[in-house]
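All remarks here apply to the structure that follows.
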Protein chains: 2
Amino acid sequence: MSGAPEPGYDPYAFEPFAVTVDLAVFTVRGGALHVLLIRRGQEPYAGAWALPGGFVLPRESAETAARRELAEETGLPEQVVADLHLEQLRTYSEPDRDPRMRVVSVAFTALVPDLPEPAAEGGGDAAQARWLPLGQAPDLAFDHAAILADARIRIRSKLEYTCLATAFCPPEFTLGELLAVYETVWDTVLDRPNFRRKVLTTPGFVEAVPGAARLTGGRGKPAALYRAGPATALHPPLLRPEGPTR
Amino acid sequence: MSGAPEPGYDPYAFEPFAVTVDLAVFTVRGGALHVLLIRRGQEPYAGAWALPGGFVLPRESAETAARRELAEETGLPEQVVADLHLEQLRTYSEPDRDPRMRVVSVAFTALVPDLPEPAAEGGGDAAQARWLPLGQAPDLAFDHAAILADARIRIRSKLEYTCLATAFCPPEFTLGELLAVYETVWDTVLDRPNFRRKVLTTPGFVEAVPGAARLTGGRGKPAALYRAGPATALHPPLLRPEGPTR
DNA sequence: ACAAAAGTGTTGCTTCTACACCCATGA
DNA sequence: TCATGGGTGTAGAAGCAACACTTTTGT
C-alpha cells in the first residue's frame, strides 16, 4: 500500500470495510470429497448453508481469525484446529458480495482426515455444522459457491506437486488410503503399483512405520503403515491423467 | 464469512479496517529481474521506496483498485495496464503492518515486457516510479520486502507449470528471448536445444509467426518469431534444475 | 575467415505406463 | 478354496539431458 487517505489518517474518514475470513475445509469420506458447512442462524441467508467463517477482530490477523472461527463455529477438536495447515486461497472483494455492508473476505483452504461428525451445537452464530459431499452440496450463502469451486480447483492441482494429500489421512495410514485420496479428489482411477512406487521413491513423502500393519477392508492382506514425511513439495510432480478416467 | 457483528449491522460498530492493494510488477531487463517501485511522497515512510498500490475505494473490487493505482502511480501505458494479467498473491493482515491504522492489503503480481522507464512524474502520492533490479533493491516501506520476496518465489515456480513466461516478452519474440526469461528468473543456465524442443512440442505454448525473423545480438543467424499461444498450463511442466547451475 | 547466435540430430539414461503375477488374510 | 486387497516384477514407450554439429548472419 502507499499514500494516506487525502484528509490525513482519520480512520473514520472512509466508509468502513469489514474484513472476514471464510474457510473451505475438506475431507475424504466414503469415496467422496466432503466440505465442512454450517447452517446460518442469522440474517442474511438465515437457514442457508455457508462456509464457516466470520469477522476478523481488531487485533487479529486473518490466519488467527480463521482458526478462531473454525473452533467456534464447528465442533472440530481443539487439537485439530491448532495443528491445521491453513492456506490462503484468495481474497474476495466484489463490492456487493454482502448485502449488509462492504465486506472483504479472505478465503482459506484446509484439509483434514475423516473425522467424526462435528458437535451439532457449534458456538457463535452457527446453528449446525456438518460434512456434506461436494456432489450434492446445497446452494450456499453469499458468493460461497464460487469460493468453494475455486478451493476445489486449488486442491486438485495441489495434490499434483505437493505432499498435501497426507493431510487427508490419519497420522498413520496405508498406501491404499493415500491412493484413495488421490482417486477421490481427482475422480480418476490410478494404477496401484505405479502409484506405490512413485510415493515410495519420492524422498520424504512418507515414512514407513516399522512393523506396523493394519487390515483395511476386513479382508485381504494387512497393509503396512506410513506416516507423513518431512517433504512438502513433490519434485517431480505426480501428474493426474488428463481424460476423465472414471 | 458468516454471522453479523453482535450488535447488529452497524457498519461503524467496529474499529474500521482500511483495505489496500499492493502490486509486485516484474520485468526482465538486461539479464536481471526488475521490479517496479515508487518513492513515497508522504508519511509514513516518506522518501522510502515501496510497491505501488493504495486504498481500495468504497465501490471498487481489489482487482479494479489495483489497476487504477497502477495507472495513477506509475507511468505505465494505458493499454499495458488495461491488458495486464493480474494475479492475486495473498493478503497481508498482520495487525501492526501499518503504523497509522488497521490496514489489510491484498497483494497482486503482474509480469510485463521490458518497457521504457515509466514517466518519472506519476500522479497521486508517488513522487517517482522506477524499475529497480531485485539484486540491489533498497529497503522497502511497510512489509513490502516480505511481499516482494513472496512474489518472487511465486513467479519462479509459476514458470515451471504455466505459460506465463511469455508475459515477460513483447507480442512477438524469439525463442532466445524466452530462454533468457527463464534463465533470468531462475538464475540458471538451460540447454538451448532442449529448451527449444520443450517449448515447441508443448501444444499452444507458442505459435510461429510465419516468415518473420529478427536479428537479436546484431550478429548471428536471424531468429524466427513467435507469439504467445492459447495454452495457459504447461503439462508436463518445465522443471528447473535443482542445484544453482549459475 | 571468424565469431556469434540460431537451429538440428543423436545417443544414452531415467522415468512412466501397462499389465502380469505373487502374497496374506477372512469368509 | 475363493474373493479381496496388498505388494513385486518387467518390458515397452516416452521424456529428458548432454553434447556434437550445421546454418546464417555481421565484421
Side-chain angles (χ1 to χ4, degrees), chain A residues 30-31 159-161 169 172-184 186 188-203 205-206 208-226 234-243 245-246, chain B residues 30-31 159-161 169 172-184 186 188-203 205-206 208-226 233-246:
Chain A
L159 288 206
E160 288 193 323
Y161 55 92
C169 297
E172 300 195 341
F173 54 89
T174 71
L175 293 188
E177 288 164 353
L178 190 61
L179 173 66
V181 166
Y182 275 91
E183 291 188 332
T184 302
W186 284 350
T188 45
V189 177
L190 298 178
D191 184 85
R192 183 184 288 267
N194 294 335
F195 176 81
R196 181 182 182 74
R197 257 186 295 266
K198 176 70 184 173
V199 170
L200 292 179
T201 61
T202 299
F205 192 173
V206 298
V209 180
R214 181 207 296 164
L215 270 140
T216 48
R219 265 183 292 284
K221 181 173 174 176
L225 290 178
Y226 295 85
L234 210 44
H235 249 58
L238 178 47
L239 297 175
R240 68 169 175 275
E242 22 216 279
T245 314
R246 188 190 274 174
Chain B
L159 288 206
E160 288 193 324
Y161 55 92
C169 297
E172 300 195 341
F173 54 88
T174 71
L175 293 187
E177 288 164 354
L178 190 61
L179 173 66
V181 165
Y182 275 90
E183 292 189 331
T184 301
W186 284 350
T188 46
V189 176
L190 299 177
D191 182 85
R192 182 184 289 267
N194 293 336
F195 175 81
R196 182 183 182 74
R197 259 185 295 266
K198 177 69 184 173
V199 170
L200 292 179
T201 59
T202 299
F205 192 175
V206 297
V209 179
R214 182 207 294 163
L215 269 142
T216 48
R219 268 185 292 283
K221 181 172 173 175
L225 290 179
Y226 295 85
L234 210 45
H235 249 58
L238 178 47
L239 297 174
R240 68 168 175 275
E242 24 216 279
T245 314
R246 187 192 274 174

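These values consider heavy atoms only, across backbone and side chains, with no hydrogens, waters or symmetry-generated copies. Just so you know, these numbers come straight off a predicted model, no measurement behind them. Quick note on labels: first sequence line is chain A, next is B, and so on, each numbered from 1.
Side chain of Y226(B) to backbone of L175(B): no donor-acceptor contact under 3.5 angstrom is found. R214(B) contributes a side-chain N or O that, together with a main-chain N or O of E172(B), makes up a donor-acceptor pair within less than 3.5 Å.
Nucleotide dT23(D) holds its C1' atom 12 Å from the CZ atom of R196(B), rounded to whole Å. Atom-to-atom, CG of L238(A) to P of dT15(C) comes out at 15 Å; the value is rounded to the nearest Å. Rounded to whole Å, the distance from NE2 on H235(A) to P on dT14(C) is 19 Å. If you take CG of L225(A) and C1' of dG7(D), they are 15 Å apart, rounded to a whole angstrom. One interatomic measurement links the two molecules: CG of L179(A) to C1' of dG7(D), which rounds to 13 Å at whole-angstrom precision. Here dA18(C) presents its C1' atom at 13 Å from CG of L190(A), a figure rounded to the nearest Å. When rounded to the nearest whole Å, the span between CG of N194(A) and P of dA14(D) equals 16 Å. If you take CZ of F173(A) and P of dG6(D), they are 14 Å apart, rounded to a whole angstrom.
Between W186(A) and E160(A), some side-chain heavy-atom pair lies under the 4.5 Å cut-off. Taking the side chain as every heavy atom from C-beta outward, L190(B) and P241(B) approach each other to under 4.5 Å. V199(B) is not listed as a side-chain neighbour of Y182(B), based on a closest heavy-atom distance of 4.5 Å or more. Looking only at side-chain heavy atoms (C-beta outward), F195(A) and L238(A) come within less than 4.5 Å of each other.
Look at R192(A) and you won't find any side-chain N or O under 4.0 angstrom from OP1 or OP2 of dG5(D). Under 4.0 angstrom from either OP1 or OP2 of dC16(C) there lies at least one side-chain N or O belonging to K198(A).
Comparing dG7(D), dA18(D), dG6(D) by their closest approach to the side chain of T216(A) singles out dG6(D). Candidate nucleotides dG26(C), dC19(C), dT8(C) were compared by shortest atom distance to the side chain of R219(A), and dG26(C) ranks first. Of all nucleotides listed (dG7(D), dG26(D), dA6(C)), dG7(D) comes nearest to the side chain of A223(A). Across dA4(C), dA18(C), dC19(D), the shortest atom-to-atom separation from the side chain of D191(B) is found for dC19(D).
Of the two residues contacting DNA chain C, namely K221(A) and R197(A), the nearest-nucleotide position lying further toward the 5' end is that of R197(A). Comparing P236(B) and P193(B) against DNA chain D, the residue whose closest nucleotide sits nearer the 5' end is P236(B).
Closest heavy-atom contact between P236(B) and L239(A): CB-CD1, 3.8 Å.
With axes fitted over five pairs at each extremity, the angle between the ends of the helix from dA1(C)-dT27(D) to dA27(C)-dT1(D) is 10° (10° resolution).
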